[in-house]
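For reference, the structure is listed below as structure tokens.
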Protein chains: 2
Amino acid sequence: MPGETKERVLAVATKLGYQPNKIARGLITGRTRTIGVIAGDISSPFYAAVLRGISDVVEGHGLGMLITNSDETLDREVAATKLLRENQVDGLIVSPCDVADSPHLREAVKAGMPMALIDRKVRGLLVDTVAVENVQSSRDAVRRLLMAGHRRVGIIAELATDETRLKDFLAAAKNQPPEGLQLLSTSWQRLAGYLEAHRAFGLEVDPNLILAVNGHSALAAQNAALVALTKNPRPTALFCADGLMSVGTMATISAKGLQVPSDLSMICFDDLDWMTFVGPGIDAIAQPRRRLGRAAARLLLARIGEAQGAPRDIRLSPRMIERGSLRSIR
Amino acid sequence: MPGETKERVLAVATKLGYQPNKIARGLITGRTRTIGVIAGDISSPFYAAVLRGISDVVEGHGLGMLITNSDETLDREVAATKLLRENQVDGLIVSPCDVADSPHLREAVKAGMPMALIDRKVRGLLVDTVAVENVQSSRDAVRRLLMAGHRRVGIIAELATDETRLKDFLAAAKNQPPEGLQLLSTSWQRLAGYLEAHRAFGLEVDPNLILAVNGHSALAAQNAALVALTKNPRPTALFCADGLMSVGTMATISAKGLQVPSDLSMICFDDLDWMTFVGPGIDAIAQPRRRLGRAAARLLLARIGEAQGAPRDIRLSPRMIERGSLRSIR
DNA sequence: GTGAAAGCGCTAACAC
DNA sequence: GTGTTAGCGCTTTCAC
């Protein structure tokens, strides 16, 4: 009567609504199928989007995600590291609050904890690090506008510093991507993406359509947008290099009685992680922050060795009934 | 030689960077000191803020937080419930995707899982539920403006439906809070808060300053704000009933060449969970979403019985050395 | 295939 | 106090 026992066990299991205990499994396998994340502040648009990216791939693999906030303070980051290690997470994604040498992280790595860093490197920590792909994401965004047929695309970007620098930059970028992009501030990187998209289409860039806002405020952006929209011929689309630029630009668009997307298209590289798009023929969004999170998670899982895949079902035994362990919640 | 053994154990423990294994502890105590959260989408401003509130109190108690996204779909909510139960979380905070009878949640509760619901009740589930305190939060916000000395405070709110309803509502709210507020849509609840604040100060409300936008769009709000700002005398402060209203209002303010807070004060009940404040003498923010998360977490922890407090330190024994179990990561 | 036994790192209960 | 023991629910190994 071999099959009979099996059925009896199965019957009891389903009747009791049995759910396997991953905690117990983790004790013996040494893997919890849970990763830990130390974010600065979940409620900030940046981290919210990054976390979503992480959770996309983590949940996709059937793993869990333990999240903590550091509020960008070292104390809380140390406490979070401790909490997560005690919880035996299989890996750690950290958005470090400081680039200085961090003993708590170094020690975790030394102890064999797989780790990926977000947005910042930490001195002396040789682990995978991901940061926003400003150039590529901007290039993708502007490419969408060009593919939709736009030929006069304005860019509203901070681009602090003097006129000459902009001229030099445009000259340097005329035929190939300028060097040392990683060292530039974000708005310059995003301008580089804008230029690259045009180059890929074999299009000349009209310098008049490159609006250096010179100041990181919505009001300054508003003025820049006003200048852009009075050019002749008027740009048919705008690319805003960040969320604040976009707010100011929208104000101008409204004030002029224009409507997006009927009168002009607009794409914004924004902190909410929507390439707030807009315009006919433009159907996708880039989500650079979310992609950043996904990249970090993928790197981490690769290092953890997710190749092993999902664990197999647990093997039920008659003794589990005798010992009354077929229950999920105690 | 009793003390000697203890020291030897302690020495080995610190040398190896020993960290207790909460997973093993959880196996025997039956409590993991981790709660599970099922959010709709972490990256939305609403959930991001709510989650931060939850994490505030959860981390404050030294617990962990396992987060999942349901994307407001039943399938994913069911899967998330399963994942979290398998991980033996001590409690569940769910933002249910559907008010319809949900067997997976009902079953979890039946199995003894402590649960708190966010923003929506589920039919047949008798568990604590928290929702945004629209009336109270708006009242607080407007009170701040009144306390700062403002006597002409405009409100920009959707308030869909006809003129008569607004008149009736104002009449009904003249001397006491109108009844059945819970059944009203959010913008009406926020108007009620606005009125309550005025009542508490013994101030008459000028109906001219109540702008019913009639349409949930930034453009409609922009027009309403234009009307508000041309009233004579001009309002010295504005209360925007939601984030979109605020975007439209800001556009008008910019277009008129006004500046916040030098020319007028403004508070916005916004989705980013900042009562975006603004103006001299106004120094605090209300954070209704974050407070919602905190409330949910506190209710849940009370139900879990966090009164028991943090567990004591683990007791180290010589056998742990013999068996080589004094290590944190394997 | 099916059953039994050992043991993951800890706690609780009981010895001394 | 300090030391030992059993056992939480599972996986692994080995026996049948």
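Nothing here was measured: the structure is a model prediction, and the numbers come from that model. Protein chains get the first letters and strands the later ones, always in sequence-line order, with residue 1 at the start of each.
- Nearest to the side chain of A:Thr29, among D:dT11, D:dC8, D:dG9, sits D:dT11.
- Applying the side-chain contact (heavy atoms from CB on, under 4.5 Å) rule to A:Ala24 yields the partners A:Asn21, B:Leu27; only residues at least two apart in sequence or on another chain are considered.
- Partners of A:Lys110 under the side-chain contact (heavy atoms from CB on, under 4.5 Å) rule, at least two apart in sequence or in another chain, do not exist in this structure.
- Protein atom CZ of B:Arg85 is 15 Å distant from nucleotide atom P of D:dG9, rounded to whole Å.
- Looking at residues two or more places apart in sequence or on another chain, you find a side-chain contact (heavy atoms from CB on, under 4.5 Å) between B:Val122 and B:Pro96, B:Ser102, B:Leu105, B:Leu117, B:Leu125.
- For DNA chain C, runs of at least 3 consecutive pairs of the Watson-Crick or G-U wobble type, with both hydrogen-bonding distances under 3.5 angstrom, map to C:1-14 with D:3-16.
- Residues satisfying the side-chain contact (heavy atoms from CB on, under 4.5 Å) test with B:Asp119, not counting sequence neighbours, are B:Phe46, B:Ala131, B:Val132, B:Leu292.
- Rounded to whole Å, atom P of C:dC8 lies 23 Å from atom NZ of A:Lys22.
- Of the residues listed (A:Leu74, A:Thr73, A:Val78), the one engaging A:Arg76 in a side chain to side chain contact (heavy atoms under 4.5 Å, CB included) is A:Thr73, and it is the only one.
- Look at CD1 on B:Ile28: it is 18 Å from P on C:dG7, rounded to the nearest Å.
- The nearest whole Å value for the distance from the CZ atom in B:Arg25 to the P atom in D:dG7 is 21 Å.
- Look at CZ on B:Arg31: it is 19 Å from P on C:dC10, rounded to the nearest Å.
- Residue pairs satisfying the salt bridge (Lys or Arg N to Asp or Glu O under 4.0 Å) criterion with at least one member in residues 38-49 of chain A, sequence neighbours excluded, are listed as follows: A:Asp41-B:Arg52.
- Atom-to-atom, CD of A:Gln19 to P of D:dC10 comes out at 11 Å; the value is rounded to the nearest Å.
- Per the geometry, CG belonging to B:Asn87 stands 14 Å off C1' belonging to D:dC10, to the nearest Å.
- Here the C1' atom of nucleotide C:dC10 and the CD1 atom of B:Ile23 are 11 Å apart, to the nearest Å.
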